[in-house]
Amino acid sequence: MENASKALIIAGAILLAILLISLGIMIFNQAQDTVSNSGMSEAEITAFNNKFLKYEGNQKGTMVKAMVQEVLANNAGDSEKVKVKFGASGTETESPKTEKIVSANTYGVALAYSNGRVSVITVTGTFAP
């Protein structure tokens, strides 16, 4: 009889240990999701990035102007703004202008990401004075 009661105590202790370990893993996963989550699901991030991926690479000035309009439309309603930088050493702006973009010129467009989202678009090439 004494062995049976000890076996029940040991079984209860094992179940309690498994419960505590499971609880710890669940809390760790929730904390990790909170730290790495930008407030958007993977599908939302992909849909957001797809708006700008079509402009990456070498583009004519007309496509760059269209991209700037897309950025302005996005920044009007989105809490996390996409910034545009003209020239490798240019300053980033949330409200870019298209006056210096020459439609016939070819420009290089590079995307930079933050938390999986496009955050900065760098446009390089020859701009109008």
Side-chain angles (χ1 to χ4, degrees):
M1 191 62 124
E2 194 174 308
N3 288 339
S5 64
K6 285 185 181 181
L8 286 174
I9 291 172
I10 292 172
I14 291 173
L15 288 175
L16 187 60
I18 291 172
L19 178 67
L20 290 174
I21 290 170
S22 299
L23 184 64
I25 290 172
M26 185 181 74
I27 290 171
F28 175 77
N29 285 338
Q30 284 182 337
Q32 192 174 24
D33 288 344
T34 302
V35 169
S36 66
N37 192 1
S38 65
M40 297 177 84
S41 70
E42 288 296 321
E44 290 171 327
I45 290 172
T46 301
F48 176 83
N49 288 343
N50 282 341
K51 291 188 283 188
F52 304 107
L53 285 174
K54 60 186 172 188
Y55 299 110
E56 192 170 26
N58 292 329
Q59 299 291 337
K60 286 289 190 186
T62 54
M63 289 295 288
V64 175
K65 286 182 180 185
M67 179 204 62
V68 168
Q69 294 304 318
E70 184 96 31
V71 168
L72 289 172
N74 176 75
N75 289 351
D78 199 353
S79 61
E80 291 190 41
K81 311 289 187 208
V82 175
K83 296 178 181 174
V84 177
K85 182 166 71 168
F86 293 108
S89 61
T91 57
E92 298 172 2
T93 180
E94 294 175 3
S95 54
K97 306 284 188 249
T98 59
E99 292 88 31
K100 293 189 174 192
I101 300 170
V102 179
S103 297
N105 287 358
T106 300
Y107 296 92
V109 178
L111 306 178
Y113 299 87
S114 174
N115 292 331
R117 284 176 55 134
V118 172
S119 60
V120 178
I121 301 173
T122 303
V123 180
T124 56
T126 306
F127 299 98

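- Of all non-hydrogen atoms in Gly108 and Asn58, the two that sit nearest each other are CA-OD1, 3.8 Å.
- Residues Lys60 and Thr106 are in side-chain contact: their nearest non-hydrogen atoms beyond the backbone lie under 4.5 Å apart.
- The CD atom of Glu99 lies 9.0 Å from the NZ atom of Lys65; values are rounded to the nearest 0.5 Å.
- Annotation for Glu94 and Leu72: closest pair O-CD2, 4.2 Å, computed over non-hydrogen atoms.
- Here the closest non-hydrogen pair linking Val84 and Pro96 is CG2-CG, 3.8 Å.
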Check step by step if side chain to side chain contact (heavy atoms under 4.5 Å, CB included) holds for Tyr55 and Ile121. CA-CA 10 Å; Tyr55 299 110; Ile121 301 173; over 6 Å; no
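- Within the model, atoms NZ of Lys83 and OG1 of Thr122 stand 12.0 Å from one another, a figure rounded to the nearest 0.5 Å.
- A chain of hydrophobic side-chain contacts below 4.5 Å, direct or via other Ile, Leu, Val, Met, Phe, Trp or Tyr residues, connects Leu53 to Met67.
- A donor-acceptor distance shorter than 3.5 angstrom exists from the side chain of Tyr107 to the backbone of Val102, with no hydrogens or angles considered.
- Nearest heavy-atom pair across Lys51 and Lys54 is O-CE, 3.4 Å.
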Would you list the atom pairs, donor with acceptor, under 3.5 Å between side chains in residues 5-18 and any protein atom, with sequence neighbours excluded?
unit_1, atom_1, unit_2, atom_2, d
Ser5, OG, Glu2, O, 2.9

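- Contact detail for Gly116 and Ile45: the closest heavy-atom pair is O-CG2, 3.2 Å.
- With sequence neighbours excluded, the residues satisfying ring pair (Phe, Tyr, Trp, His ring centres under 6.0 Å) with Phe86 are Phe127.
- Atoms CD and CG, from Gln59 and Asn105 in turn, are 13.5 Å apart once rounded to the nearest 0.5 Å.
- Of the possible polar contacts, one joining the Asn50 side chain to the Thr46 backbone as a donor-acceptor pair under 3.5 Å is found.
- Between the Asn75 side chain and the Val82 main chain, a donor and an acceptor come within less than 3.5 Å of each other.
- Val109 and Tyr113 fall within the same hydrophobic cluster, where Ile, Leu, Val, Met, Phe, Trp and Tyr residues are linked whenever their side-chain heavy atoms come under 4.5 Å apart, directly or through other members.
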